2 protein chains.
Amino acid sequence: MPKRAVTIKEVAERAGLSVTTVSLVFNGKADNIPYATRQKVEQAAAELNYQPNYTARSLVTGKTHTIGVIIPDISNNFFSGMVRHLQTELNKHGYDIILCNSEEQMANDLRYIRWLAGRKVDGLVLILSAESMEEENREKITSLLKETEIPHIFVDRYYHGDAPRVSVDNEWSGRQVAEMLIAAGHKNIGVITGPMCLNSSINRLKGVTSVLSEHGIDLPKENIVYGKYNMISGKEGAAVLLKRNVSVIFAFNDMQAYGVISYLKENGVKIPEDVSVVGFDDDLFSTIVEPKLTTVKQPIMQLSHEICDMILAVVDGKEHERHVKLATQLILRDSVRKLI
Amino acid sequence: MPKRAVTIKEVAERAGLSVTTVSLVFNGKADNIPYATRQKVEQAAAELNYQPNYTARSLVTGKTHTIGVIIPDISNNFFSGMVRHLQTELNKHGYDIILCNSEEQMANDLRYIRWLAGRKVDGLVLILSAESMEEENREKITSLLKETEIPHIFVDRYYHGDAPRVSVDNEWSGRQVAEMLIAAGHKNIGVITGPMCLNSSINRLKGVTSVLSEHGIDLPKENIVYGKYNMISGKEGAAVLLKRNVSVIFAFNDMQAYGVISYLKENGVKIPEDVSVVGFDDDLFSTIVEPKLTTVKQPIMQLSHEICDMILAVVDGKEHERHVKLATQLILRDSVRKLI
DNA sequence: TTGTACGCGTTATCAC
DNA sequence: GTGATAACGCGTACAA
């Protein structure tokens with residue numbers, strides 16, 4: 001904090017008015033104040049270069065106009081893209097964000113929730129660690145959230161229940177991919193999931209299996225590799241699935257898909273001639289990798305927009321949809337071979 | 001803000017003590033307070049689930065323990081990696097960060113600096129837009145900074161002068177690349193720069209030209225393409241340099257390099273057989289792209305560490321190095337051909 | 001239309 | 001060792 005900030009009192013003195021009047025002008029409640037007076041205030045403020053002290057203001061209004069954002073890791077492209085647009089949108093509404101990276105650890109989630117409660121943030125946007133999303137840990141998180149009483153919404157990852165949330169329609173997305181694959185003649189399909197405590201993995205898988213069974217196609221357990229959302233997992237999954245002679249590998253995120261591609265190339269497997277690959281996210285690099293990756297595009301801007309709307313509604317105690325589920329877009333590129 | 005927060009007053013009543021005593025205990029100034037009393041306080045606080053109100057505390061202490069971070073765009077991997085570690089480090093010291101994306105626009109830089117001044121952040125970490133770094137705009141930024149009196153440091157991009165800053169040794173890095181290239185027998189070298197108002201571009205180029213002239217090698221003006229740090233620029237640069245028959249293209253960041261690679265492949269130019277490529281940053285994808293990209297690794301964790309140290313020193317008014325310049329690391333992979 | 005007085009939750013100063 | 005009391009800067013009834 002600068003040592004000597006200009007206070008509203010000084011502005012008032014300079015303008016030859018009371019603090020009340022000046023305050024009213026600054027808060028847009030100057031309907032009953034003559035134009036001349038208002039101008040005096042503006043001028044005095046400009047001359048002194050007055051900046052209202054938000055800390056003091058927050059203390060009396062009880063609002064900090066700050067949203068806490070807890071995410072696993074901002075260096076993940078999906079999260080950083082989201083945070084970027086969210087920050088810009090929230091700023092338009094006069095809010096700013098305090099960013100916290102949990103590094104996928106529940107201990108950090110808990111720590112940051114408490115921390116942000118002390119910071120008196122008006123609301124919380126939560127993408128908690130996979131660890132926190134495990135059913136056995138649910139109680140720890142929800143009870144803390146209830147205790148702190150901070151309005152909050154879940155994004156992308158959520159618990160079953162009524163809590164407000166914004167996500168993508170993962171089951172539908174899984175269905176889209178499966179249908180495209182079947183239409184292309186694929187029957188022996190391999191899947192690499194993310195952590196199965198995340199609804200993204202659960203529902204993408206559900207979508208895939210539904211469609212397959214609707215078409216009378218079997219998805220043997222051995223064709224499902226349970227992994228994590230990273231490259232290593234993609235490589236490991238590819239190693240397993242290659243032995244299963246699958247004609248296509250559906251990785252549940254693009255990082256995994258890159259791992260798959262690397263592994264296949266290293267082992268002389270041609271894509272898509274020998275094995276096809278599908279990803280999820282539509283990361284920037286998916287247009288650069290060879291072959292260009294067929295994947296599912298997450299509507300990041302729209303997500304950010306919905307998150308912004310919802311958290312503000314929750315903070316203001318307004319009516320709002322409790323569960324927003326957004327459509328994704330299947331992006332057809334060059335990594336899937338048509339067998340028929 | 002939760003409607004009814006537990007105040008220190010209630011804790012004091014519960015413990016049968018004065019507010020002063022309770023406050024002393026919470027602030028670690030309880031040297032002269034008997035253990036029994038301290039325990040009473042702790043217990044009362046625990047029972048009531050007391051959380052100190054930072055807003056109120058800030059008002060009287062004049063410190064918010066918050067650092068404002070202004071960057072062009074968090075969805076850029078270099079910035080997001082930096083912010084991630086910076087946030088984690090600062091948190092260890094009891095600070096949090098307010099994140100602002102300027103979207104590479106000076107108007108936003110100015111707006112956010114004012115904004116954060118009102119938020120009374122203790123310090124500012126600045127990676128300003130390229131626009132703000134242009135010499136003609138320098139005055140606008142620096143005068144505002146002086147006016148607000150917020151302690152601040154520049155990161156990666158800076159003005160000439162005394163202001164505290166953390167960056168990488170770009171000239172030295174440029175030299176490393178040029179020497180490696182010459183050792184590999186390259187003589188007709190093409191370069192794609194970033195915005196020439198950024199020291200990163202200026203100094204990388206300076207490093208390259210120095211080494212070349214030391215070796216009596218010419219770098220014709222036509223072999224230098226002035227671009228931006230993105231993929232499009234890489235493609236455009238590649239188109240130009242291809243006509244110059246260069247044996248290698250040194251792109252000043254990895255995104256450009258990806259653009260170069262795309263363009264070359266699209267035009268049937270083999271890498272590195274026909275043309276070699278070098279990047280800068282060591283983005284994650286550089287190990288996945290084909291061929292694997294030879295590039296210069298930015299020491300992101302170390303950068304974050306230095307930024308953390310410096311901003312805290314500046315905030316506390318402590319002695320510190322004014323200009324920290326970190327070494328980079330040349331990562332040799334598969335995109336450069338040895339001609340000799 | 002404008003001014004007075006009080007409270008927001010804390011910490012800091014000075015008595016006791 | 002502990003406890004009143006006064007700030008910190010601002011918003012807002014209430015009074016004038």
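Numbered from 1 within each chain, the chains take letters A, B, ... in sequence-line order. Just so we're clear, the structure is a prediction, and the values are computed from it rather than from any experiment.
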> Report yes or no: is the cationic atom of Arg165(B) (NZ for Lys, CZ for Arg) closer than 6.0 Å to the six-membered ring centre of Phe154(B), at no more than 45° off its axis?
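Geometry flag: not set, cation outside 6.0 Å or 45°.
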
> When the ring planes of Trp115(B) and Tyr54(A) are compared, do they come out parallel, tilted or perpendicular, using 30° and 60° as the limits?
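Correct class here is tilted.
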
> Thr20(B) has a side chain; which of dA4(D), dC10(D), dT2(D) sits nearest to it?
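So the side chain of Thr20(B) is nearest to dA4(D).
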
> Heavy-atom distance under 4.5 Å between the side chains of Ile8(A) and Ser23(A), does that happen here?
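Counting from C-beta outward, Ile8(A) and Ser23(A) do come under 4.5 Å.
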
> Partners of Arg111(A) by salt bridge (Lys or Arg N to Asp or Glu O under 4.0 Å), sequence neighbours excluded?
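Arg111(A): no salt bridge (Lys or Arg N to Asp or Glu O under 4.0 Å) contacts found.
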
> With a 4.0 Å cut-off on heavy atoms, is Val19(A) in touch with a base, just the backbone sugar-phosphate, or nothing at all?
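It contacts nothing in the nucleic acid.
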
> With sugar-phosphate meaning primed atoms plus P, OP1 and OP2, does Tyr50(A) contact a base, only sugar-phosphate, or nothing at under 4.0 Å between heavy atoms?
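Sugar-phosphate contact only.
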
> Nearest whole angstrom, please: distance from the C1' of dA13(D) to the CG of Leu24(A).
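In whole Å, dA13(D) C1' lies 12 Å from Leu24(A) CG.
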
> Within less than 4.0 Å of OP1 or OP2 of dG9(C), is there a side-chain N or O belonging to Thr7(B)?
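It does not, given that no N or O in the side chain of Thr7(B) lies less than 4.0 Å from OP1 or OP2 of dG9(C).
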
> Five pairs per end, C1' atoms only: what is the angle between the end axes of the helix from dT1(C)-dA16(D) to dC16(C)-dG1(D), to 10 degrees?
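Result, rounded to 10 degrees: 40°.
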
> When you measure from the side chain of Arg57(B), which nucleotide among dT10(C), dT2(D), dT2(C) comes out closest?
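Of the options given, the side chain of Arg57(B) lies nearest dT10(C).
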
> For the side chain of Ser23(A), counting heavy atoms from C-beta on, which of dT2(C), dG11(D), dG9(C) is nearest?
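From the listed options, dG11(D) comes nearest.
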
> Taking it one step at a time, do Glu103(A) and Asn108(A) satisfy side-chain hydrogen bond (donor to acceptor under 3.5 Å, both in side chains)?
CA-CA 8 Å; Glu103(A) 310 287 341; Asn108(A) 286 331; over 6 Å; no

> Can we say Glu89(B) and Lys92(B) salt-bridge, meaning some charged N sits less than 4.0 Å from an Asp/Glu carboxylate O?
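Looking at Lys92(B) together with Glu89(B), the answer is no, because their closest N to O distance does not fall below 4.0 Å.
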
> Under 4.0 Å between a side-chain N or O of Asn53(B) and OP1 or OP2 of dC8(C)?
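No.
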
> Report the nucleotide, chosen from dC10(D), dG11(D), dT4(C), that has the shortest atom-to-atom distance to any side-chain atom of Thr61(A).
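Selected nucleotide (nearest to the side chain): dG11(D).
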
> Taking the side chain of Pro34(B) as heavy atoms from C-beta outward, which of dT2(C), dT2(D), dT10(C) is closest to it?
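That would be dT2(D).
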
> Side chain of Ile8(A), heavy atoms from C-beta onward: which of dT2(C), dG11(D), dT11(C) has the nearest atom to it?
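Selected nucleotide: dG11(D).
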
> For Phe26(A) and dT12(D), what is the distance between atoms CZ and P respectively, to the nearest whole Å?
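Spelled out: CZ on Phe26(A) to P on dT12(D) is 15 Å.
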
> Listing request: all salt bridge (charged side-chain N to carboxylate O under 4.0 Å, His left out) pairs with a residue in residues 34-60 of chain A, at least two apart in sequence or in separate chains.
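Only Arg14(A)-Glu47(A) qualify under salt bridge (charged side-chain N to carboxylate O under 4.0 Å, His left out).
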
